[in-house]
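Treat the numbers as computed from the prediction; the structure is a model and nothing was measured.
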Amino acid sequence: MTTEVNIEELLTLVKERRPDADLEIIRNAFDFASRLHEGQKRISGEPYIMHPFNVALILAAMHLDEHAIAAALLHDVVEDTSASLEEIESKFSPEVAMLVDGVTKLTAFTSKEHHFTSALKSRADRQAENLRKIFLAMAKDIRVILIKLADRLHNMRTLAFMPREKQIQIARETLDIFAAIASRLGMWKLKWELEDLSFSYLEPEEYNKLKNLVDARMADKEKIIQDAIVIIERELKEHGVEAKISGRRKHLYSTYQKITQRGKEFSEIYDLFAIRVIVNNVEDCYKVLGAVHRLWIPMKGRIKDYIARPKSNSYRSLHTTIYGPGEEPLEIQIRTFEMHHVNEYGLAAHWAYKENRENKEHSAAQEDYPWVRRIVDWQNDSKDARDYIENLRLDLNESEVFVYTPRGDAIDLPAGSTPIDFAYRIHTHVGHQCVGAKVNARIVPLEYRLQNGDRVEIITSKHATPSLDWLNICRSNHTKVKIRQWFKKERREENILRGREILEKELKRQRMEKVLAETEIFEKIASKLNFTSVDDLIASLGYGETSITQLLTRIKDEMPKEVDEVLIAPRRVSSKKEKLSKGVRVKGVDNILVVFAKCCNPVPGDDIVGHWKFGTGVSVHRRNCPNIQEDRITEVWWEGKNDDRRYPVELEVEAWDRRGLLAELMSVVNEFRIPATSCSARVKKSKAIVSISIDVVDRAQLNDVLRRISRVNGVLAASRASSCDDMAIL
């Protein structure tokens, strides 16, 4: 850490990394910031200018341009001095002012512009809005988040001077948000330092214990590492390969995670230390790998080629673990100089390499790091800043699964993702038109959980549309946002009707029907949740953005206490028949549990009978089901139609196998707006047997679907899969 301000040190570093940089703007920014911060001290007692100066040094090391470095020097002047953004824009440039604005806390504007921050209720609200503001600014220029990461890194380096409570709070936020962002952006150098610094404050005893263990192991292995370096240097020199070789120790927090999360013993961690070999080109990378394997035996299952298949954050390198000198396990990392710079600085390096492009900041972020595009998309779908930040934190720290497109491109998804998540990651339109999926060349249901290494192909139809049921199947926030946005745009009237239906049903269940007439309550809630109208609020309930639980909580918060008793009706004793009947009446009995037999899956319109099940009630079967016993039969019949209730049924389709068959079959199901819960297929002698599980309202709807499927080209038979004798074959 720099201990004194020397502007020439910064200018020299910038000139070295960017020979064409305009140094005058940096010098002017330093002079301006020094004058404004004069007399201000940090908690450590050092002059305040030390902080922005060190942030600028961190960015200069990343090869960032003079405008970003000037903004780093000025990033606290609006927040902590009398300067305004207008003044910065006039003295420097709109570009510098925009960057400063992006990293300036909202609270800085409370007294100057009377921003809405004054209405925020708590520090947590303010912090959530501040973080959200940074990500909004990041959508315009990726350098905003780079400045903020450098700012947080220097603050963590000087965190020792803060009170213990503040240390824990800042370290936790750093680990959960900022280190995770650095990881997603491929900025490993920052990620490692942020993680280790956070670890040292959050778990000081564990940190010191692990550090002592690693130091002791390092003392034992230092000679082995140096011997291995000498041997590799000699081997590469003989083969004419120029390389820079060094030894390095892995950072402590990743080792701690392996011990605590994977249940490993310290003695089982083989990659505490690594030798890094940096060469001029990709061809030399593979030459080095071959040379290393000629020298030592590689450990089985420990060779990773991230050059052929880079990680989703653009990390590229060859990794191999060998039994080195003295048969000691040792990891070797091999990469080019360009790869090394990108691996260390991630998005910052990409920004520098692609700076001559039009819209360079936006493009580098969204083309090379799709995660940036996703978190920007979430902004439009999230009404509450704290919910947004919590969802962001969960997404950032979620374990991942890596799958591949048919062309072999790697795609990262949250663990537990489905083909629907994959489809929306490829493109929004692919997600909207998804009707099925193949994983490793085999058709799988849409709720299939993707595994590492799966090769995924999405089956689409131009007539297909999303299903609200997908919200219960998909895993990633990105997918849910896209599905909700589609319903928000395309099905507004339906969403309002569905939302009112959900609201009325829940208020009735809560004995709060009279609240529906209190329009003022709903207007207040809509305003507080940033909806432009009550209809927008109700629509959001219909397409799943707002949950009924959230809305009910808000309603109760807004209800004046003095009218609670007026708006909430006395509790009535509910009829058990309503809870137990499920749309079926049993002869001579009003209070009995009714279940539907899975062997024949009866639906309204079927001829049905009841079958007594000792101790559990009545099981409803289709009348010709072979699984019923005559001595246990009782008469049952369907009650009045209930449009809210759906009944599961399985279809079986036999057709000539051809390309696009499954897509057309699923398109038919989507035409009827019927939820499909699973789909599977098998091929036998050029014929495809497709099983599709759907939820229908009644037999009439089922028959309509079967008739439509039977008209699909190549379909030989469409039937209702069942063990019953009266299967409907069309």
Side-chain angles (χ1 to χ4, degrees), residues 103 105-106 120 122-138 144-160 162-207 210 251-262 312-313 346-347 369 371-372 374-379 382 384-401 412-416 475-478 480-481:
V103 292
K105 293 178 182 177
L106 289 170
L120 296 177
S122 67
R123 183 196 174 280
D125 288 318
R126 291 193 300 273
Q127 181 65 353
E129 285 292 353
N130 286 330
L131 289 172
R132 188 173 184 175
K133 178 176 182 279
I134 289 169
F135 294 125
L136 282 169
M138 186 176 73
V144 169
I145 195 62
L146 301 180
I147 295 170
K148 187 61 185 178
L149 286 170
D151 172 50
R152 179 53 62 106
L153 177 58
H154 184 254
N155 280 331
M156 287 300 298
R157 288 174 176 173
T158 56
L159 194 60
M162 299 292 283
R164 176 62 181 155
E165 182 180 350
K166 197 77 170 176
Q167 289 175 346
I168 295 173
Q169 172 198 318
I170 294 173
R172 173 51 59 192
E173 182 183 73
T174 299
L175 190 62
D176 288 350
I177 301 290
F178 292 101
I181 288 174
S183 176
R184 287 296 179 94
L185 300 182
M187 304 176 70
W188 297 103
K189 191 176 180 66
L190 264 73
K191 162 189 158 69
W192 292 332
E193 189 172 354
L194 288 172
E195 284 184 341
D196 277 4
L197 287 168
S198 299
F199 179 31
S200 69
Y201 288 104
L202 292 172
E203 301 285 350
E205 292 184 7
E206 294 294 329
Y207 174 86
L210 185 58
H251 70 304
L252 294 176
Y253 185 67
S254 67
T255 303
Y256 177 71
Q257 285 182 304
K258 289 177 182 177
I259 294 172
T260 56
Q261 295 181 8
R262 301 184 191 177
S312 60
N313 54 19
L347 186 141
Y369 296 86
W371 174 80
V372 174
R374 298 204 303 275
I375 65 171
V376 170
D377 287 343
W378 298 343
Q379 317 250 11
S382 180
D384 183 84
R386 293 179 71 176
D387 286 344
Y388 168 75
I389 296 302
E390 179 61 16
N391 288 334
L392 174 65
R393 185 186 66 80
L394 292 173
D395 184 86
L396 284 168
N397 290 281
E398 203 162 30
S399 56
E400 295 178 311
V401 60
D412 67 306
L413 293 166
R475 185 68 181 84
S476 77
N477 285 327
H478 170 72
K480 293 176 182 178
V481 165

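- Between Lys480 and Arg475, every side-chain heavy-atom pair lies at or beyond the 4.5 Å cut-off.
- Contact between Ser198 and Ala171 at its shortest, heavy atoms only, is OG-O, 3.4 Å.
- Residues Glu193 and His251 are not in side-chain contact: their nearest non-hydrogen atoms beyond the backbone lie 4.5 Å or more apart.
- In plain terms, the two heavy atoms of Leu190 and Ala150 that are nearest each other are CD2-N, 4.5 Å.
- Here CG of Leu149 is found 7.0 Å from CG of Leu194. Values are rounded to the nearest 0.5 Å.
- Within the 4.5 Å cutoff, side-chain heavy atoms of Trp188 are placed close to those of Ser183.
- In this structure, CD1 on Ile259 lies 9.5 Å from OG on Ser254, to the nearest 0.5 angstrom.
- Every residue meeting the salt bridge (Lys or Arg N to Asp or Glu O under 4.0 Å) condition with Asp151, not counting sequence neighbours, appears here in chain and number order: Lys148.
- Using a 4.5 Å heavy-atom threshold, the side chains of Ile170 and Leu159 count as touching.
- Taken to the nearest 0.5 Å, the CD atom of Glu173 stands 11.0 Å off from the CG atom of Leu175.
- Between Val103 and Ile145 there is no side-chain heavy-atom pair separated by less than 4.5 Å.
- Between Leu153 and Leu197 the shortest side-chain heavy-atom distance falls below 4.5 Å.
- Residue Arg164 comes nearest to Tyr201 through the heavy atom pair NH1-O, 2.7 Å, listed as atom of the first residue, atom of the second, then distance.
- A salt bridge between Lys191 and Glu195 is present, with a side-chain N of the basic residue lying under 4.0 Å from a carboxylate O of the acidic one.
- Closest non-hydrogen pair, Ile168 versus Leu202, comes out as O-CD2, 3.6 Å.
- Under the 4.5 Å side-chain criterion, counting only non-hydrogen atoms from C-beta, Tyr256 is in contact with Glu203.
- The shortest side-chain heavy-atom distance between Phe199 and Glu206 falls under the 4.5 Å cut-off.
- The CD atom of Gln169 sits 8.0 Å away from the CE atom of Met162 when rounded to the nearest 0.5 Å.
- For the pair Asp196 (side chain) and Tyr253 (backbone), a donor-acceptor distance under 3.5 Å is present.
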